[in-house]
Amino acid sequence: MAVASTVVYEYLRGKKKFPHVWCPGCGIGIIMGALLRAMADLEIKKGDVAMISGIGCTGRMPVYCDFHTLHTTHGRAIAFATGIKLSKPDLKVVAIVGDGDGLAIGGNHFIHAARRNIDITTILVNNKIYGMTGGQYSPTTPTGKFATTAPYGNLEHPFDAYLLAKGAGANFFARSSVYHATQLQVLIKKALLKKGFSVVEAMSNCHTLYGRLNKEGSAVQMINWFKDHAVNVNIAKKKTPEELEDKFITGVLWEDNRPEYSEQYEALIDRLGGRKKEEKPEAEVVKQ
Amino acid sequence: MAVASTVVYEYLRGKKKFPHVWCPGCGIGIIMGALLRAMADLEIKKGDVAMISGIGCTGRMPVYCDFHTLHTTHGRAIAFATGIKLSKPDLKVVAIVGDGDGLAIGGNHFIHAARRNIDITTILVNNKIYGMTGGQYSPTTPTGKFATTAPYGNLEHPFDAYLLAKGAGANFFARSSVYHATQLQVLIKKALLKKGFSVVEAMSNCHTLYGRLNKEGSAVQMINWFKDHAVNVNIAKKKTPEELEDKFITGVLWEDNRPEYSEQYEALIDRLGGRKKEEKPEAEVVKQ
Amino acid sequence: MSENNVRLFQGNEACSFGALAAGVNFFGGYPITPSTEIAEILARELPKRGGHFIQMEDEIGSIAAVIGASVAGAKAMTATSGPGFSLMQENLGYAFMIEAPCVVVNVQRGGPSTGLPTKVAQADTMQAKWGSHGDYNPIVLTASSVEDAYYKTIRAVNLSEKYRNPVILLLDEVLGHMREKIHIPEEDEIKIVNRLKPTVPPEWYQPFEITPTHISPMAGYGEGYRFHMTGLTHDPWGFPTAKSSEIKEKMDKLMLKISQNVDDISTYKEEFIEDSHIIVIAYGITARVAQQAVRIARHKRFKVGLFQPETLWPFPDKGLKKALENANLAIVAELNQGQMIREVQRLAPKKTKIVGAFRYDGELITPDEIVNKIKEAN
Amino acid sequence: MSENNVRLFQGNEACSFGALAAGVNFFGGYPITPSTEIAEILARELPKRGGHFIQMEDEIGSIAAVIGASVAGAKAMTATSGPGFSLMQENLGYAFMIEAPCVVVNVQRGGPSTGLPTKVAQADTMQAKWGSHGDYNPIVLTASSVEDAYYKTIRAVNLSEKYRNPVILLLDEVLGHMREKIHIPEEDEIKIVNRLKPTVPPEWYQPFEITPTHISPMAGYGEGYRFHMTGLTHDPWGFPTAKSSEIKEKMDKLMLKISQNVDDISTYKEEFIEDSHIIVIAYGITARVAQQAVRIARHKRFKVGLFQPETLWPFPDKGLKKALENANLAIVAELNQGQMIREVQRLAPKKTKIVGAFRYDGELITPDEIVNKIKEAN
Amino acid sequence: MIKKSKKDSTDSNRIEIRLSGSGGQGLIFAGVLLAESVGIYEGKNVAQTQSYGPEARGGASRSDVVIADGPIYYPKSMSLDILIALTQQACDEYYPALKEYGVLIVDSGLVRQLPTDNAYAIPFTHIARTEVGTPVVTNVVALGALAAITGIVNVKNLEKVLLSRAPKGTEEKNKLALSEGYKIGKELLKQRETELVERF
Amino acid sequence: MIKKSKKDSTDSNRIEIRLSGSGGQGLIFAGVLLAESVGIYEGKNVAQTQSYGPEARGGASRSDVVIADGPIYYPKSMSLDILIALTQQACDEYYPALKEYGVLIVDSGLVRQLPTDNAYAIPFTHIARTEVGTPVVTNVVALGALAAITGIVNVKNLEKVLLSRAPKGTEEKNKLALSEGYKIGKELLKQRETELVERF
Amino acid sequence: MAEENQIQKVEPAEDGEEKAKKEKPKNPNPIVIFRRWCKACGICINLCPKDVFDADEDGYPVVARPFECTQCSICWLHCPDFAIKSTEK
Amino acid sequence: MAEENQIQKVEPAEDGEEKAKKEKPKNPNPIVIFRRWCKACGICINLCPKDVFDADEDGYPVVARPFECTQCSICWLHCPDFAIKSTEK
Ligand SMILES: Cc1ncc(C[n+]2csc(CCOP(=O)(O)OP(=O)(O)O)c2C)c(N)n1
Ligand SMILES: Cc1ncc(C[n+]2csc(CCOP(=O)(O)OP(=O)(O)O)c2C)c(N)n1
Ligand code: SF4
Ligand code: SF4
Ligand code: SF4
Ligand code: SF4
Ligand code: SF4
Ligand code: SF4
Ligand SMILES: [Mg+2]
Ligand SMILES: [Mg+2]
């Protein structure tokens, strides 16, 4: 497993774009490192990867990665990625989404891509807040926590992205955190290898906003919080709900093996003899 | 339990709007009957109900019901209903959605209302097809079935609305079919009584399109199919996946008791002393 | 903290407190720069006053919730910027169709697409009128100072209630974020308009009744009236119709309730028009720049006046026509590639030379740029 | 089933096969009356030809998938009607920003909102230009017969490829559903345009290179070029910029690649213009009605001609100005409450009286209605 | 037999035909068959249009076919030369659009109140049910009668098109329906001509 | 001390001040304090604007305050009367916008290369850290100095506003920061006046 | 879940016939079809456990065996068109 | 799930120190901070199990105890700014 300090540079737009925009200590950079190391582990070529993101702090990630990169509109990364994957099925397609981007405005594309089981590896950066716009609550902000639009504490219940993805039909779901950089890398690798819609939820620190509004301290403090509150899925199975109260579960939480969409579509093309171009449009439609 | 033949008429816009637009034998009418009987059972007053729908054959239901009725845009019924419920928390708010309307274009509002656990009773009419537009596949069309946009058989996987709703955090999920009109009525009654976001999925026949395209016969034949393929949830527990292969499970599939959103919001207003109107806006905002 | 109700407010703050003053008791929104402060302030202020705030899952849901609340009886509002405004277009059309009073604030930023989130533009000028499909008749207001934002928000709410029509308030990034002094009036100094309520017996109530004013009374939910509304073209009862005559009647109603009241709705400001044969035309933040430019130019002995539409739609056709009667040069200053200028081209006498002073690089146009246009073109 | 490649086609069918003939190999859509047949036909035809069809979860997803496929290298298209077109506006703006060639067909129905799903209208005329926020420059084509729909679809695809710009094809319910004879040309009779591809070494490749034509070559994914694109205003490399000069350069590029090529893009048809001082102006299905009306009126000895924009945007300003040079009466026939007429007002000489022949009750305007307008106004 | 539209002097031999009834009676399909026969096989210009409510099923339905030698500008009907009405409602609604000497053909089983005694009343549904065994082909029976009575289309061409467009397995029934319709149309025409001769 | 803008003859005593540096230095907050003091307590018209990149945090940041006796039409700065620069980048970028006789005030710890020797260089960050114990109040130290050097705002009013706007518990530190800034500003001013006297 | 089972109990398909045995009203018009709303879908005809209905030539239900009717309610609960009324309940 | 446990094994937090015991490189510059990219977030300083770094007065990390470094990789795997390179791996 690549832990060498230099492997990532191969994948960075190092000459152009650094230092990046993220706040000092922001976990998004750590997650990006884990993703790039996972790519390195799998020896994936840069030209074989399409990386698509939406809008948010998280959404800036493709700027720094030397793939085919597309920074789309807020919430729509997975829908764009769907068009890319379907029309170029040989590409490794990675969608980078934030908790607001991927689960609030983009929730519908998330569940439908999961249902369709199209081969997109989704990295969900969950910092429990809308970072880019300055700290409004997101669908993963825990009940009672503060945000600029939850000045009296959040009244809403958060999604558990795992349950949502599974309920929608995702093929693979794993979770880790910025503290667990190595585990994150391994899980992303698994997701990249998995055919179908796979999600890796990376718990991240937005100390600048979430941390400040909820008095959870600096980047370092928040990262250490992840250390203290992670429970591996195998260990979690033996714990009571009370013991897991303020914990989050890491590891591969869900795996399935349903047929993948773009593969099915290619098979349909083959079945219809669509590989060789036909000469003339056959024209006939009747609707009674 | 109201099974009298006349109770429904109290709730119908009988003088104005009948016969209704649906095809002869369309199950939507049966579902509407079950809903109105459930209302009658609970002695709910017409003026206390807001019924909101989206677009589709299903979406036409409010035309015929003598409540506060709002026929909105495709997919958005639950979002409209959210505004209504929050601003008038005393109303009984019912959203009527189709499988395309509620789960395709409207999927995001569905999962977020579930997450927020706002007190909306959603009747999901699942006929496994886009009826109104003439038979395109929907997110509940089973794999392999035919539709006008799936001329070679549907390649996609259907949602299980139950798993989706549960994964998103719904408080209550039940399922029945047009064959099981009485059970449907009882389940809707339970849903209406349940605080929070509750869903009743009513399996319905669209023989005109789904039935015709998939050679599943007339309304009567399709309704009888529901009879033969329903398994009550308690019985289902004892069956193997193979035995349940082409069956669907009925009854209350999921129930929880999480705090309800609009109630929480009213409590917040009380906490802030917002019941009595304040005299003057207190004006101060600082953002560093 | 202040003397005599004078406060230092951001434009977005003024808008928020204007909304509260006008009686807005429901806000559904989704954060987006540079409008977010409006949501943040109302999240804090509304529950204190018994009102409701909700952050929806996206802008489509936001406007839907707002319309729902409006139909149920609330004074409802949302605030957004370009990308969110684009997403709202379908349901905004629905609000026009069912004649739901509500206010949409668009704090404009640079576009197209994600564009320039923290930079200023006025490039949603046309979208505010034409963004949704089909024919509809938006009322679109603008504001050019923080205090103006306060009063224009009140006016937006009042007009929406009066005409049972959605009203769009077009602000911009500079105004939304700039701070100025504003005098907060006493409550009784503020005129509040409430929608017409039905007085007929419930059985007779038609939510889209054809009336001489083309405005139909609107009952809230739970007020004893039960009725149906739909985005399908409908008859006065609110039920879908396919009859040509009823369709036309509905479409005419939607049009006439606005077009017959342009004089009430549409306002503009003028400065130095009488003696001028050069007229600068500008709205919103750009109008302020133009005010300065006009003064500079007049100081330089140019006969320049300023025409400032306060209402963009319906456009103050009459006022502009009159203002341009003696003009041989019109300078249209706007922060886009030329949008309002098309209205000027439509309305100006042939003799008037029309020149655009456009800026669309994310910065506010300067008085000098406008003055230079005057010099060049004259 | 046919003789000499002559078929009886619906407008929607013609559009679908036109798309295939032009090389469209990706369609992402969501059903909506009256455009659904296009999706249904392409669902059947595309996989047979190795192309891809996908029914997305909504129209937002549809246009997103289309743009994604386009960027990846496909010729991509979607088809919808008013409500779906409104939902697409945000991402459509994105497509303009990243200069993604793609075609959006809008088969217009009655609006606003859900309106009249099975009835005809031309009320998205303005929305097609102004529906998204910010400044952008759509190419909008129209068609007036089934055969025209076939060729205009091909032209739409070609123009989108040539100018690296989204193209909107505005059809309508009547045309979409009507059947006429159409002669299907041989493959080699059809001119196909493909987007410019880069030839520079990959390290040098700028996806938004500033070029004399303002059109930048576009590499597909997996073709050896890696690049970044964003909806934020960007520099030639595709990276976000906040520099005024770069912002302006980008915005100018977007504008100029269209405005400098109006003569290539914008086409119109004329009949009996030379000797006429009455000009009827109409597009799409209404132009056919006007063709008949003009003939009837001329038979009645009115000096009437017809000006038919084939390209709505950029509007054929020059052509219309010329056509109206000697006109003292212009009749603008459209199926809405007055949209294109604003362009005519903008462009017509002052002496020309401009009269609208509007119909907006879901029915097609009749030749007699236009003839009567001519009689009345003359 | 069909008078040229007097209204519009610009059209060459424009003939407007409306097939009307309720959704599900296959009128749009019938319109397509007619248009294709005349358009593709008889070299005329045709424009086939339709109108239907949002319900798509059940409500009123109509299909118009305009036929002309020259170009067809206005594609919809203005005043009908021929009206086929398969329901009373359709007959009542569209009869006023029929020209003075236009031809009215109705399903005599469903249209009981005739607006004129100058109509061809034929029990299409009944014939379909009894002679072919299914009411599904009512539209085709009506087409056969139309061909016989008006002569605007060659029944052989109709058959060709019908066989190419009909779902597999229904060819024979459709053929039968067409010929039954044609037969009764011819009979009626003969009878009517006799009547006319008798009257004058 | 501050020259009236010569550029625009229409404004009465228009003064343009820019507070610049990097995100997180609290410059917008400082601008608000200044605007509120002058606007609410000193009866002038004010317009405070800002500009920031999409990153919101980290990047360059600036806050402009325009002060005038009459109406302020153009709300942004055109040519600065006063520039406070807390980073080298800000100083380099905005110095050209400063008027010929404008006042430049910089953080001498962070701005090492001065574009003019006619600047007030004060180690704000250092003072905040050493005298108050936290760099968070650097902006307030700068405000104090601004008041002392330019006299455009009364430091008492600044204190009032500061205390009302500062987060609970930080009042004392803020007060101290303000007065430390004021103190050094005064000192420097005195020193500078002496220098000037010496020079001429 | 207990009530769930009850639901199954009142399920027409399972219990209709049993109930039917118990009580047989002798009303000659126990069931009325509201012809203007009925669309002849055939559901009532097919679901009636007592085979009370015949179809007329257009497929509309005709109450052919009124005395067989047990008022089990299946027909009106399943009529999608609200076209069936009982004169008894 | 077996591999899951392996992952836990390579978790720096659990194993860093053990590894560190095994091998101690004697390189005087085992770790390089790329100052232009570093934002002084303090993560490396705090997470390094061997306390290799000190903070300078602006908070930037300084490699103060190079010989302690075990090349455990924790610092560079967690540097959000890609500002740490090892000279050894
Ligand atoms: C349609 C639209 N609505 C709103 C926005 C404003 N916006 C940008 S990013 C963002 C939220 C980002 O939150 P998240 O996805 O959690 O990403 P993070 O910044 O936390 O990484 C919002 C609301 C937008 N750009 N577009
Ligand atoms: C934005 C938008 N897109 C598409 C449509 C067209 N449309 C109307 S109903 C419908 C699908 C209805 O399917 P479903 O929700 O399953 O309802 P059903 O008709 O089956 O009851 C669609 C796609 C629309 N009205 N609006
Ligand atoms: S605001 Fe939060 S999420 Fe965004 S860069 Fe800063 S720390 Fe990261
Ligand atoms: S099309 Fe299907 S869903 Fe719609 S009314 Fe007919 S049977 Fe019902
Ligand atoms: S109630 Fe209806 S279903 Fe039951 S026996 Fe009587 S007629 Fe039959
Ligand atoms: S179930 Fe209702 S609609 Fe169907 S045939 Fe019986 S009475 Fe008629
Ligand atoms: S590799 Fe980094 S974290 Fe590990 S011991 Fe060396 S300096 Fe410390
Ligand atoms: S972790 Fe990286 S950015 Fe943070 S202090 Fe260390 S080297 Fe600098
Ligand atoms: Mg986030
Ligand atoms: Mg459906």
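This structure is a prediction, so every number in the text was calculated from the model and none was measured.
Contacts of I31(A) with chain H are absent, with no heavy-atom separation under 4.5 Å from either backbone or side chain. Within the 4.5 angstrom heavy-atom criterion, no atom of I45(H) approaches chain A. Contacts between I84(H) and chain A at a heavy-atom distance below 4.5 Å involve the backbone alone (N, CA, C, O). Only the backbone of V178(A) comes within less than 4.5 Å of a heavy atom in chain H; its side chain stays farther off. Contact of Y9(A) with chain H is made through the side chain alone, with heavy-atom distances under 4.5 Å.
In this pair, H180(A) and F248(A) present their aromatic rings perpendicular. The plane angle is above 60°, beyond the 30 to 60° band.
Side-chain atoms of N257(A) and K194(A) form a donor-acceptor pair, as typed in the model, at a separation below 3.5 Å. N127(A) and S204(A) share no side-chain donor-acceptor pair at under 3.5 Å.
A salt bridge is defined here as a Lys NZ or Arg NE, NH1 or NH2 lying under 4.0 Å from an Asp or Glu carboxylate O, and D54(H) with R65(H) meets this definition.
Taking the six-membered ring for Trp, Y64(A) and F82(H) have ring centres at least 6.0 Å apart.
Contact tally against chain H (heavy-atom pairs below 4.5 Å) for R37(A), H20(A), Q185(A), M32(A): the top residue is H20(A).
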